[in-house]
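Each remark here refers to the structure printed beneath this line.
Nothing here was measured: the structure is a model prediction, and the numbers come from that model.
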Amino acid sequence: MRPRFTVLAALATGIGLGLAGCGQQPAVTSHARQEGLATVSASEADPTSAWAEGYCDAAGGLVRTLAALPSVDPSTPQQASRTSNDLMASVSEGLKRTSAALASLGPAPVDGGDASRTAAVAQLDGIRARADDVRRRLESSADPEATKTALRDARTSLDELDRLDLLRGLNDVPQLASASSRIPICQDLVKQPR
């Protein structure tokens, strides 16, 4: 199970770049139950579920960022470069926020959770570093060939995002996989697009 990203790329001046939304629905909060006068979500009652819900919320933030990416204008090489740069800046910021949200979860309540999260953050940070490199090259490039190369590399970064399986970290740990199967926001992330 992995979040479904749909990335469409088109190249102008020989190379332009575009990205379509993920078709992701807005995040769904946990269903709460009444206990006396206090309302407690199911995940708050179970530390494993609470941690899994936080993980899915962080992943959902990235999905929402990717669904709202700015479009690329391939009308001229300069516009393609500028708007691709804007797109890569949005990607980079979304990856940064997601890494920070995952890091802020605190220690995992089960063995394997911390290692899975660390691997996910490392993967996100790697993609972000490559996106930032592409962005810097797009900003500084005056040479059409260097711009084309940077745009191709931007496409590669977007393809990496398309293959990203953020929920693998949960699915690799049986207790977290079980908990995530009961959490609406986690299940929304793995629904097939209709």
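For residues 118-127, the pairs satisfying side chain to side chain donor-acceptor pair (under 3.5 Å) are Ser99-Asp125, with sequence neighbours left out. Sorted by first and then second residue, the pairs that involve residues 45-126 and meet disulfide (SG to SG under 2.5 Å), not counting sequence neighbours, are Cys56-Cys186. Screening residues 71-153 for disulfide (SG to SG under 2.5 Å) gives no qualifying pairs among residues at least two apart or on separate chains. Residue pairs meeting the disulfide (SG to SG under 2.5 Å) criterion with at least one partner in residues 69-124, sequence neighbours excluded, do not occur; the list is empty. Residue pairs that meet the ring pair (Phe, Tyr, Trp, His ring centres under 6.0 Å) test with at least one member in residues 55-82, sequence neighbours left out, are Trp51-Tyr55. Within the structure, the disulfide (SG to SG under 2.5 Å) test picks out no pair touching residues 151-181 (sequence neighbours left out).
The shortest non-hydrogen separation linking Ala59 to Leu189 is CB-CD1, 3.9 Å. The nearest pair of heavy atoms linking Asp172 to Ser116 is CB-OG, 4.4 Å. Taking every heavy atom of both residues into account, Ala150 and Val134 meet most closely at O-CG1, 3.4 Å. Pro70 and Leu87 get closest at one heavy-atom pair: O-CD1, 3.2 Å. The two residues Thr98 and Ala58 come nearest to each other via the heavy atoms CG2-O, 3.5 Å. Nearest heavy-atom pair, Ser180 versus Gln187, reported as atom, atom and distance to 0.1 Å: O-NE2, 3.0 Å.
Atom CD in Gln79 sits 9.0 Å away from atom CG in Asp86 (nearest 0.5 Å). Separation of atoms CG (Asp57) and CG (Leu102) is listed at 10.0 Å; rounding is to 0.5 Å. Of the inter-residue distances, the one linking Leu62 atom CG with Lys96 atom NZ reads 15.0 Å to the nearest 0.5 angstrom. Atoms CG and CG, on Asn85 and Leu151 in that order, are 10.0 Å from each other to the nearest 0.5 Å. For the atom pair Ile127 CD1 and Leu164 CG, the distance stands at 5.0 Å (nearest 0.5 Å). For the atom pair CG of Leu95 and CG of Leu66, the computed distance is 7.0 Å after rounding to the nearest 0.5 Å.
Residues meeting the salt bridge (Lys or Arg N to Asp or Glu O under 4.0 Å) test with Arg130, sequence neighbours left out: Glu160. Contacts of Asp132 classified as side chain to side chain donor-acceptor pair (under 3.5 Å), with partners at least two apart in sequence or in another chain: Ser92, Arg135. The side chain to side chain donor-acceptor pair (under 3.5 Å) search around Ser90 returns none, not counting sequence neighbours. The salt bridge (Lys or Arg N to Asp or Glu O under 4.0 Å) check on Arg97 picks up Glu93, with sequence neighbours excluded. By the side chain to side chain contact (heavy atoms under 4.5 Å, CB included) test, Ala179 pairs with Thr48, Ser49, Ala52, Arg182, sequence neighbours left out.
In this structure, Asp114 contributes its side chain and Ala108 its backbone to a donor-acceptor pair below 3.5 Å. For Thr65 (side chain) and Gly61 (main-chain N/O), a donor-acceptor pair under 3.5 Å exists by modelled atom type. With hydrogens and angles disregarded, no donor-acceptor distance shorter than 3.5 Å links the side chain of Ser178 to the backbone of Gln175. Looking at Arg117, its side chain does come within 3.5 Å of a backbone N or O of Gly106 through a donor-acceptor pair.
Between Lys148 and Glu145, at least one side-chain nitrogen of the basic residue sits less than 4.0 Å from a carboxylate oxygen of the acidic one, meeting the salt-bridge criterion.
Side-chain atoms of Asp153 and Asp133, non-hydrogen and from C-beta on, never get closer than 4.5 Å to each other.
Counting non-hydrogen atoms of neighbouring residues, nucleotides and ligands closer than 6.0 angstrom, the CG atom of Asp143 exceeds 12 such neighbours.
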